[in-house]
Amino acid sequence: MTRIALTAKIERFPTAGAWTISRGSVTEVVVVTAEARLNGHAGRGECRPYPRYDEFPEGVVADIEAAAPGLGGDPAVDLGPLMPPGAARNAVDCALWDLRAKIAGRPVWRLAGLPAPKPVVTAYSLSLDTPGNMRARAAENAHRPLLKVKLGGEGDLERIRAVREGAPNAKIIVDANEGWTAESYEKLAPEFLRLGVAVVEQPLPAWDDGDLLHVKRSLPVCADEACHDTESLARLLGKYDMVNIKLDKTGGLTEAIRLKATAERMNFRVMVGCMLASSLAMAPAVLLAQGCEIADLDGPLLLAADRDHPLTYDAEGVHPPAPELWG
């Protein structure tokens, strides 16, 4: 039997200026690209190893290479017994979906039984900065329908006031990246609602979010770092109103599809997000984002360079990928 050949490599993309969240700044994005080959066909997938989850590029490459012998010759193999959820499995899972599409000559959305994809309006993210700088960035992007604002604790109300001044008509969502306390949520939520903020992502640390059971969630709360795969949903009940599905957390498109369906059955609102990465990482998420309340798939817009055959972003949003890129 011909076996799938699986390889992985580290690639780097410069950001368009420093990118800052509550946990620090980067000027370069380091990703891992997996390639799966079978009978002259090749599929690719990309992941962003994230230190928040104890993931690092060299270790992810090693995990991908260690999984290679277990693949056999079927690109529809169940990766669950071979790899845990996370970045490494995401790269492999998406590479295998791409390989299946290339072999079949049919797009991934058909193979996965998903609706035909259309352009999706995506958030555009503003890096954590001073209120003055964030006002200026908001003004530069005031034409965008949805802005996502990175926050970090002290001074966050001033930041949102500044962003609203810069972009008076945009819908705003905010991401605290685990930087708040229950007390700061209770203080900020009414003010943010008056400023037109629609939702806050992960205000409390994922490992210490029990207080969300007891606060009045006037401003809807979205689980990001607290939501990984389908099994994580049970502990989110009563704490969160929405979940942010990212393929690097689920371990690929396969589990992300399952997570989305289960979350909707459990009456969670659904957002599809991304790590800061290239168009290759976003491409599968565009399929997942169809019909979701919020899409946050702006990673390539925040880079100084991207892949060949990159995703198209325009007034309609982010378009489905060309087959030369993925799927």
Side-chain angles (χ1 to χ4, degrees), residues 4-37 42-71 79-80 82-99 125 127 150 177-178 206 224-225 227-229 244-256 273-285 296-311 321 325-326:
I4 296 170
L6 182 65
T7 57
K9 63 181 178 180
I10 296 171
E11 297 187 272
R12 302 173 185 274
F13 294 88
T15 60
W19 175 249
T20 303
I21 65 171
S22 63
R23 286 189 287 269
S25 299
V26 297
T27 57
E28 180 183 65
V29 174
V30 183
V31 304
V32 173
T33 305
E35 183 175 78
R37 289 186 168 274
R44 296 184 303 161
E46 177 186 312
C47 69
R48 166 92 186 277
Y50 210 55
R52 167 65 178 79
Y53 306 124
D54 295 320
E55 296 173 338
F56 301 92
E58 293 79 8
V60 166
V61 169
D63 290 343
I64 291 172
E65 292 175 344
L71 292 185
L79 293 175
L82 296 176
M83 309 177 77
R89 195 175 81 186
N90 176 34
V92 176
D93 183 76
C94 291
L96 292 176
W97 275 110
D98 191 28
L99 178 62
S125 299
S127 177
K150 292 290 187 177
N177 280 121
E178 305 179 284
D224 184 355
E225 285 86 350
C227 178
H228 286 258
D229 57 2
N244 186 348
I245 303 175
K246 294 178 179 175
L247 273 65
D248 274 323
K249 295 184 299 177
T250 66
L253 181 61
T254 303
E255 175 62 18
C274 66
M275 304 299 186
L276 183 54
S278 85
S279 283
L280 180 58
M282 302 303 116
D296 175 24
L297 301 176
D298 63 340
L301 297 178
L302 306 173
L303 300 179
D306 196 3
R307 303 275 181 180
D308 292 337
H309 310 290
L311 291 174
L325 175 69
W326 184 88

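All figures in this text were calculated on a predicted structure; none of them were measured in a lab.
A salt bridge is absent between R44 and E46; no separation between the charged side-chain nitrogens and carboxylate oxygens falls under 4.0 Å. D224 has a carboxylate O that lies under 4.0 Å from a charged side-chain N of K246, or vice versa, which qualifies the two as a salt bridge.
Side-chain contact check for L280 versus P321: every heavy-atom pair is 4.5 Å or farther apart. A heavy-atom distance below 4.5 Å is found between the side chains of V30 and I10. By the 4.5 Å heavy-atom criterion applied to side chains, T250 and P85 are not counted as neighbours. A heavy-atom distance below 4.5 Å is not found between the side chains of K249 and Y50. Residues T7 and I64 have side chains not in contact (no heavy-atom distance under 4.5 Å, counting atoms from C-beta outward). In this structure, the side chains of P284 and L247 come closer than 4.5 Å at one or more pairs of heavy atoms.
Of all non-hydrogen atoms in D63 and A88, the two that sit nearest each other are CB-CB, 3.9 Å. When all heavy atoms of D93 and G251 are compared, the closest pair comes out as CB-O, 3.7 Å. Here the closest heavy-atom approach between residue C47 and residue D248 is recorded as CB-OD1, 3.1 Å. Nearest heavy atoms, G273 versus L297: O-CD2, 3.6 Å. For the pair D296 and S125, the tightest heavy-atom approach, listed with the atom from each and the gap, is OD1-OG, 3.7 Å.
Side-chain atoms of T254 and W97 form a donor-acceptor pair, as typed in the model, at a separation below 3.5 Å. Donor-acceptor pairing under 3.5 Å is recorded for the side chains of E225 and N177. At a cut-off of 3.5 Å, with distance as the only test, no side-chain donor of S279 or R307 sits close to an acceptor on the other residue.
The side-chain hydrogen bond (donor to acceptor under 3.5 Å, both in side chains) test applied to R48 returns no partner, not counting sequence neighbours.
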